[in-house]
Enquirer: 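Sharing a structure, written as C-alpha cells. Questions coming.
Below, chain A is the first sequence line, B the second, and so on; all start at residue 1.
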2 protein chains.
Amino acid sequence: MSVDLLSRPKCSECPIRHRAVCSRCDADEIEQLEQIKSYKTFAAGDPILWRGDDLTYVASVVRGVATLSKTMEDGRIQMVGLLMPSDFIGRPNRKTIEFDVVAATEVTLCCFQRVPFERLLATVPHVAQRLLEIAMDELDAARDWMLLLGRKTAREKIATFVEMMVRRQHVDGLGLDHEPLVLPLTRDEISNYLGLTLETVSRQLNALKRDGVLRFVDRRRFEVIDMAALHAASGDDSDGGVLC
Amino acid sequence: MSVDLLSRPKCSECPIRHRAVCSRCDADEIEQLEQIKSYKTFAAGDPILWRGDDLTYVASVVRGVATLSKTMEDGRIQMVGLLMPSDFIGRPNRKTIEFDVVAATEVTLCCFQRVPFERLLATVPHVAQRLLEIAMDELDAARDWMLLLGRKTAREKIATFVEMMVRRQHVDGLGLDHEPLVLPLTRDEISNYLGLTLETVSRQLNALKRDGVLRFVDRRRFEVIDMAALHAASGDDSDGGVLC
DNA sequence: TCGGGCTTTTGATCTGTATCAAAGTCAGCG
DNA sequence: CGCTGACTTTGATACAGATCAAAAGCCCGA
C-alpha cells in the first residue's frame, strides 16, 4: 500500500515531506539528507522502540502502521498515537524516547541519524518551521483525542475511530474506492487506543453492523454502508475535525 | 503571584521566553517584539477566545490561570489544557482558533500581533526552534494526559492532578514553602479537566483528606501532608512524568 | 485435512462512576 | 447582619462498561 509515496520526486521520504512540502529543499539539503538516511523494515508485532531507548534515529513512516503507547506499572496500556504513512517518529534534542513504538502491520521507516538531523534543524530554517507545523498538527489531534477519551461514550469512540480510518485511508490513497477498508489493529489494540476493553470494542463494532452502518468482509476488512449514520454516531459536530 | 517573571531582564514576557531562553534575542529582535506587543487583562470567568474566533494575537500567560477546552454540541466539555504563567496561546499560520480559552482566575496576557509575529517566525531561526520545543513539550504533556483520561481511576486522576498543581506552583515560585497551595479551579472545572463529574471530584478530594494525605485550609487552599502517599495514589511510576 | 493456538464473539454478573436530589457552606452585598 | 446565589458536600440509585467465563471462528503449519 501507499507505494506512490516512493515514486514521488526526490526527497519524498524525508520526515518533513508530509503533505507535499519538501519542494523547499534545495539540492544541497537533499544531498545532506541522503547521507544520513537509511530504511528499516519491521514485521507486524515487532517492537520498534521501547520506553527509555536511545533515540539514535528520527524517522518517517513510509509504509504500514505503528502504534505509540504508554504503559502503567500494572500493565494498563493507553495508545497515544497511531503512526501511519507520513507520520513522524522521534523528538529532536531528546536523547531517549518516553513511549513504546510497536509495528502493528509490516512497517517501513525512513530513518535519519538524530544528531546530524538536529544539525540540519539548527541550520536550515524551513526544517524547523515545517517540523513546528507537524508538531502543532499532532497537538491538535492529541487534544481531539482527549475529548474522545474523557467524554465520549463507547459507541461514539468506535464511530469516531472508524471514521478516522476511512478518512486516512482515503487521503493516503490506500484503498481504492469500493475496495474494502482495513482495520490495521486487533480488537485489543483498538481498545487500547480508545480507552475501552476488547469486549466492548467487539460489541460496539457488531452493534454498528447490526444497525446497518458497517458491513464486514472479514475480521479486518469492512465497508461503510451508511456514512451519514456513522458520522452522526461519532458525536462530532458537522465539519469533521479529527486529523485530516 | 509570579511577579518575578516581570522583573527578569528584557524580553521576559515574550512567548518564546519560557524557561529562560530568549537570551538569544538580540537588540534588534527585541525591538521588533516590543513594537507588536501589548498587555491584556481578563477577570476570572471572562472568555478570552471562543472557538472559531479570529486569531488576531498569539500570547503568553504572564499571570493567572486560563483553561483551554473543547465543547460537544450537547454541552459535554473536556478541558485539554491548563494555561499557567509562561504557557503559550495561539497557533502561528492559523487564522482561527479551534478551542475555547477562558480565564479561570484573573489573567494577564502578553499579546503579540499574529501576522507580524509570523514574519518574525519566518525570518529569525531560533524563534521557530524554540516554538518547536514548546510545542513538543505540550505534545508530551497531552499524551501523558491521554493516559490519565483513558486508563486511570478517579482517585488516580485526582492524585495526579493535585501532584501537578504542587509541582507547577513550586516551579513558578507561586507559593512559598509552607504557604498553602492553591486550586485555581472549581470542582466543576477540575471535573472537566479529568473527565469526571464534579460530584466524583468532591468525593475523591475528601477521600484524600480522610486518608490523611491532604489538609484543606478552605475550599481552594490546601497542604500536602503525605507527599509519598499522594504520589503512590497517582499511579505514575517513580520518576514523575507529567509536565515539569 | 486435521489440530492447536490465536483472536473474536457472546453471555452473565459486578462495580465504579454518573445521575438525580437535597442539604450545607461560604462570600459578597444591600 | 442576614439574604442571595454560587459552589460544595453528601446520600440514594441507576447504568455503561468492566470483568469473568466459555464457546466459536479463523489461520496456518504438520
Enquirer: Applying side-chain contact (heavy atoms from CB on, under 4.5 Å), can you list everything that pairs with B/A159, at least two apart in sequence or on another chain?
Expert: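 side-chain contact (heavy atoms from CB on, under 4.5 Å) list for B/A159, sorted by chain: B/L230, B/A233, B/S234.
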Enquirer: Just jot down the side-chain contact (heavy atoms from CB on, under 4.5 Å) partners of B/I77, sequence neighbours excluded, or say none.
Expert: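 Only B/S69, B/T71, B/N192 meet the side-chain contact (heavy atoms from CB on, under 4.5 Å) criterion with B/I77.
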Enquirer: Bend across the helix from C/dT1-D/dA30 to C/dG30-D/dC1, to 10°, with axes taken over 5 pairs at each end?
Expert: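 Between the axes fitted at each end of the helix from C/dT1-D/dA30 to C/dG30-D/dC1 lies an angle of 30°.
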Enquirer: Relative to the 5' end of DNA chain C, which residue comes earlier, A/R151 or A/K209, by the nucleotide with the nearest heavy atom?
Expert: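 Looking at the nearest nucleotide for each, A/K209 comes out on the 5' side.
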Enquirer: When you match A/R219 and A/T153 each to their closest nucleotide on DNA chain D, which lands nearer the 5' end?
Expert: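 Nearer the 5' end of the strand: A/T153.
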Enquirer: What's the shortest heavy-atom distance between A/I97 and A/W50, and which atoms?
Expert: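 Looks like CG2-O, 3.6 Å.
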Enquirer: Show the atom names and distances, to 0.1 Å, of all donor-acceptor pairs under 3.5 Å that link a side chain in residues 207-216 of chain A to residues at least two apart or in another chain.
Expert:
residue : atom : partner : partner atom : Å
A/D211  : OD2  : A/R155  : NH2          : 2.2
A/R215  : NH2  : A/E223  : OE1          : 2.7

Enquirer: Taking any heavy-atom pair under 4.0 Å as a contact, classify A/G45: base, sugar-phosphate, or nothing.
Expert: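 Result for A/G45 = nothing.
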Enquirer: For DNA chain C, determine which residues of residues 197-205 of chain B have any heavy atom closer than 4.0 angstrom to one of its atoms, and list them numerically.
Expert: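 Contacting residues: B/T197, B/E199, B/T200, B/R203.
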Enquirer: Restricting to side-chain contact (heavy atoms from CB on, under 4.5 Å), what partner residues turn up for A/T200, sequence neighbours left out?
Expert: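 Checked A/T200 against side-chain contact (heavy atoms from CB on, under 4.5 Å); matches are A/A154, A/L196, A/T197, A/Q204.
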Enquirer: Go through DNA chain C in 5' to 3' direction and return only the first and the last nucleotide with some atom under 4.0 Å of chain B's heavy atoms.
Expert: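 Endpoints of the contacted stretch of DNA chain C: C/dT17 to C/dC26.
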Enquirer: Search all heavy atoms of A/Y57 against all heavy atoms of A/C111 and return the closest pair with its distance.
Expert: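 Heavy-atom minimum between the residues: CD2-CB, 3.8 Å.
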Enquirer: Out of A/Q78, A/E98, A/E138, which one pairs with B/R143 under the side chain to side chain donor-acceptor pair (under 3.5 Å) rule?
Expert: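 Going through A/Q78, A/E98, A/E138 one by one, the side chain to side chain donor-acceptor pair (under 3.5 Å) with B/R143 is satisfied by A/E138 alone.
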Enquirer: Pairs under 3.5 angstrom only: tabulate donor-acceptor contacts from the side chains of residues 180-188 of chain B to other protein residues two or more places apart or in another chain.
Expert:
residue : atom : partner : partner atom : Å
B/T186  : OG1  : B/D188  : N            : 3.4
B/T186  : OG1  : B/E189  : N            : 3.1
B/T186  : OG1  : B/E189  : OE1          : 3.4
B/R187  : NH1  : B/R219  : O            : 3.4
B/R187  : NH2  : B/R219  : O            : 3.1

Enquirer: Could you tell me from which nucleotide to which nucleotide of DNA chain D, 5' to 3', there is an atom under 4.0 Å from chain A heavy atoms?
Expert: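 Nucleotide range with atoms under 4.0 Å of chain A: D/dG17 to D/dC26.
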Enquirer: Counting distance only, does the side-chain N/O of A/W145 pair as donor-acceptor with the main-chain N or O of A/G81 below 3.5 Å?
Expert: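 No, A/W145 side chain to A/G81 backbone: no donor-acceptor pair under 3.5 Å.
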Enquirer: Can you name the side-chain hydrogen bond (donor to acceptor under 3.5 Å, both in side chains) partners of B/S191, sequence neighbours left out?
Expert: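 side-chain hydrogen bond (donor to acceptor under 3.5 Å, both in side chains) list for B/S191, sorted by chain: empty.
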Enquirer: Can you list every salt bridge (charged side-chain N to carboxylate O under 4.0 Å, His left out) pair that touches residues 69-78 of chain B, not counting sequence neighbours?
Expert: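 Listed by first then second residue: A/D144-B/K70, A/E156-B/R76, B/D74-B/R76.
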Enquirer: Looking at residues at least two apart in the chain, or sitting in another chain, which of them share a salt bridge (charged side-chain N to carboxylate O under 4.0 Å, His left out) with A/R203?
Expert: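 In terms of salt bridge (charged side-chain N to carboxylate O under 4.0 Å, His left out), with neighbours along the sequence ignored, A/R203 is linked to no residue.
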Enquirer: What contact category does A/D218 fall into here, base, sugar-phosphate, or nothing, at under 4.0 angstrom with non-hydrogen atoms?
Expert: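 No contact.
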Enquirer: Between A/T105 (side chain only) and A/V65 (backbone N and O only), is there a donor and an acceptor less than 3.5 Å apart?
Expert: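 Side chain of A/T105 to backbone of A/V65, a donor-acceptor pair under 3.5 Å: yes, one is there.
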